[in-house]
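Presented below is the structure to which this report refers.
Everything numeric in this text was worked out from a predicted model, so none of it was measured.
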Amino acid sequence: MKQSLIRILIASLLPIGFLASSEFYSGYASDLEMRERNEWLDTKAWEITNSLTPEELVGQTIHIAIPGKSVDEIALEEMQKTKPGGVILFGKNLGKQNEITALTADLQKTASKLNLPPLLISTDQEGGRVFRVQDGITMYPGAMAVGQTGKKEWGEIVGFVTSYELRKLGINFLFAPILDINNNPFNPVINTRSFGSDITRVSTVAVSYEEGARLGGALPVIKHFPGHGDTNVDSHLGLPIISKSYEELLSLELIPFQKAIENGAEAVMSAHIVYPMIDETYPATLSKKILTDILREKLKFKGIIITDAMEMHAISKNYEKDKPGVLTILAGANIVLLTSWGETARKFKAQITNAYELGEFFYTKPSGEKGDRLKEAVFLQIRKKIEMGLYDKNSSAPNLYSENLKFLKHLQKLEESRDARYAELLTAGKRLKEINSDSIKSYPSSYIPVSFQNSNTIASLKNPILRESFQKKQIPLVSFPDLKKHLTKKEVFYFVFDTTTEPEILTIAKLAKENPTKNFLILHGGNPFVQLPEHKNLTYLFSFSLTKGSWEAIAERTFGNEVIQKVDLILLPKGGKTPEKTAFPERL
């Protein structure tokens with residue numbers, strides 16, 4: 001799976017000698033050692049793949065969810081019957097740090113007892129509003145906040161630390177970063193999960209996040225290929241359609257994916273979206289024209305392709321009769337992602353098993369040799385598990401690495417470098433405060449700090465972090481119903497509010513319009529794609545994220561000395577309808 005040679009990653013931020021490459025960060029290896037390592041990995045991965053029974057092969061292509069925070073009877077039954085290649089964890093599975101490490105360790109031990117390959121254990125840990133793990137991990141702001149900093153080094157740090165901390169918890173498969181360009185402000189499901197509305201931010205900050213995450217130890221997944229940013233339909237609820245040609249996608253949506261792949265990205269998640277000008281029958285997840293012809297052949301991607309959740313209505317309500325589990329593997333995918341267990345897992349296993357028995361996965365290669373698409377799908381997953389060091393002493397093949405002491409030493413050096421990098425960031429506070437601060441932006445123009453004093457300012461705030469900050473500055477706090485009597489006071493000419501919803505913004509904007517001699521400041525958390533009335537006496541500050549650190553940063557910048565730059569986003573047109581939130585918060 002070698003895609004490029006040695007690359008130095010942001011040298012000023014890394015300890016001396018900490019190098020990275022697409023081939024599992026092989027900065028310690030010569031070209032000869034790389035070839036030897038790749039040959040050994042290929043050989044061992046095929047040995048293991050060929051040793052699997054047809055039932056085990058099918059199971060490896062399926063990743064499932066489990067119901068609780070332990071390997072209970074239901075989870076054990078799922079492992080025994082499905083024999084999955086991986087498990088996805090959600091908030092319901094993730095408790096305190098010690099509970100998470102116990103769960104992931106038990107999952108791996110269970111796989112070993114069942115003589116299965118180690119598991120890829122995944123979660124959506126994008127930051128911001130998609131924050132599955134709550135304990136034992138740094139709470140960075142969401143992707144759009146990080147993207148608004150415009151700094152590659154911040155993207156690299158957020159990706160590295162998130163990945164490193166997940167790996168220490170036993171979670172080795174990170175469903176981030178999103179490389180979708182949110183160029184449609186009406187998008188109901190992506191918006192602040194995207195790093196930006198332009199090519200540059202997503203192609204620099206988000207791609208740097210992916211590279212940092214690879215260094216951290218958990219395998220990052222770029223998503224949602226070939227782009228989910230220009231939809232106005234949530235694929236959890238319906239089937240989005242984007243009428244763009246390959247050439248049009250290549251000029252915008254595909255640019256971040258192409259750059260990430262050239263940079264060494266090793267895992268991609270497909271989008272449940274139909275692109276009728278490319279494939280009028282199937283969405284990307286089920287389309288050979290998209291996953292093989294475009295992703296694998298035109299973009300030269302050699303890594304793992306995983307589907308988005310197959311229970312999402314875009315697939316389950318439109319293609320259930322077409323055997324989607326079979327179609328996606330034939331299209332080029334390696335992993336069928338499920339966010340459930342039981343009947344759904346059995347259904348997918350049965351359809352793939354039946355297709356394998358009927359010979360649907362066999363084909364003839366140009367050389368005349370017989371090919372097996374199911375085995376090829378499993379091989380890439382097994383190879384990555386070996387490469388990541390998952391076959392440890394508790395795995396089904398505890399002595400695997402003792403056959404190649406050079407590779408074992410490589411893994412040990414890599415872990416030492418990761419630990420050193422993390423320790424260096426830890427002493428610097430993981431740069432969290434600086435990242436939050438850099439993400440704050442203003443609208444409709446730059447914000448020049450003013451002198452807020454208790455004699456000239458009134459604040460009406462709900463957020464406790466903001467309230468505490470303003471109280472320390474001795475700025476009077478009043479409830480919104482009591483605000484009107486202060487509007488008539490000549491000595492008060494600054495009014496500050498916090499908002500998280502469009503109705504709150506519209507109410508305050510109306511006050512600004514009715515009181516043109518007063519100045520209004522709105523501190524807005526979260527989604528900026530709402531109606532933003534413009535008045536000369538009204539300024540907005542955005543955090544793009546609702547984390548504690550984001551609120552602290554917007555409070556600090558409000559009273560700071562530095563000018564806050566204007567936001568760089570495609571904002572919602574005046575009179576537009578705000579995107580509705582997804583109804584499936586557990587699977588994004």
Between [Y] and [X], is there a salt bridge with N-O shorter than 4.0 Å?
X	Y	value
D124	K223	yes
E78	R346	yes
E552	K548	yes
D438	K151	yes
E415	K168	yes
E387	K44	no
R193	E126	yes
E165	K430	yes
R431	E153	no
E424	R421	yes

Please answer whether the main-chain N or O of [Y] pairs with a side-chain N or O of [X] as donor and acceptor at a distance below 3.5 Å.
X	Y	answer
E99	K96	yes
T101	N98	yes
T328	P324	no
K152	S208	no
T49	A45	yes
S396	S112	no
S550	L546	no
R296	G303	yes
S545	A145	no
T307	L337	yes

- Geometric cation-pi criterion, R132 with F90: 6.0 Å, 45°: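 No, cation not above the ring by the 6.0 Å, 45° rule.
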- Item | Over 12 non-hydrogen atoms of neighbours within 6.0 angstrom of CD in E320 |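 No, CD of E320 has 12 or fewer neighbouring heavy atoms, counting only those of other groups under 6.0 Å.
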- Before giving the answer on side chain to side chain contact (heavy atoms under 4.5 Å, CB included), spell out for F257 and L295 the whole-Å C-alpha distance, their side-chain angles and the decisive distance to 0.1 Å. CA-CA 9 Å; F257 289 98; L295 179 55; over 6 Å; no
Distance-minimising heavy-atom pair for [X] and [Y]:
X	Y	answer
A345	T82	CB-OG1, 3.7 Å
I222	A265	CD1-CB, 3.9 Å
G332	I305	O-CD1, 3.5 Å
P283	L239	CB-CD1, 4.4 Å
K92	I66	CE-O, 3.9 Å
L119	N172	O-ND2, 3.2 Å

Validation row: [X], [Y] side chains within 4.5 angstrom (heavy atoms):
X	Y	value
S163	L215	no
D392	S395	yes
W551	N436	no
T110	L76	yes
I290	Y275	yes
T285	M310	yes
V268	I304	no
P84	H63	no

- Test I386 against Y401 for side chain to side chain contact (heavy atoms under 4.5 Å, CB included), laying out the working first. CA-CA 9 Å; I386 298 172; Y401 299 112; 4.0 Å; yes
Inter-residue atom distance [X].[atom1] - [Y].[atom2], 0.5 Å rounding:
X	Y	atom1	atom2	result
N93	L103	CG	CG	6.5 Å
N183	L569	CG	CG	12.0 Å
I329	K323	CD1	NZ	11.5 Å
I352	Q60	CD1	CD	12.0 Å
T339	E311	OG1	CD	3.5 Å
M388	E266	CE	CD	9.0 Å

- Message: Pair F301, F225 - check side chain to side chain contact (heavy atoms under 4.5 Å, CB included), show working.
- Response: CA-CA 12 Å; F301 180 67; F225 185 86; over 6 Å; no
- Message: Working note: L400 + I48, criterion side chain to side chain contact (heavy atoms under 4.5 Å, CB included); need CA distance, chi angles, decisive distance, verdict.
- Response: CA-CA 10 Å; L400 186 148; I48 293 171; 3.7 Å; yes
- Query: In terms of side-chain heavy atoms, does Q125 have a donor or acceptor partner in T162 at a distance below 3.5 Å?
  - Reply: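 Distance-only check fails for Q125 and T162.
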- Item | Q148 and S439 side chains, donor-acceptor separation under 3.5 Å |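 Distance-only check fails for S439 and Q148.
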Describe, in one word, how the ring planes of [X] and [Y] are oriented to each other, choosing from parallel (under 30°), tilted (30 to 60°) and perpendicular (over 60°).
X	Y	answer
F407	H410	tilted
H224	H228	perpendicular
Y164	Y422	parallel

- Message: Restricting to salt bridge (Lys or Arg N to Asp or Glu O under 4.0 Å), what partner residues turn up for E77, sequence neighbours left out?
- Response: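 Result, salt bridge (Lys or Arg N to Asp or Glu O under 4.0 Å) vs E77: K81.
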- Task: Would you please test N334 and Q381 for side-chain hydrogen bond (donor to acceptor under 3.5 Å, both in side chains) and show each step?
- Result: CA-CA 7 Å; N334 305 91; Q381 199 177 166; over 6 Å; no
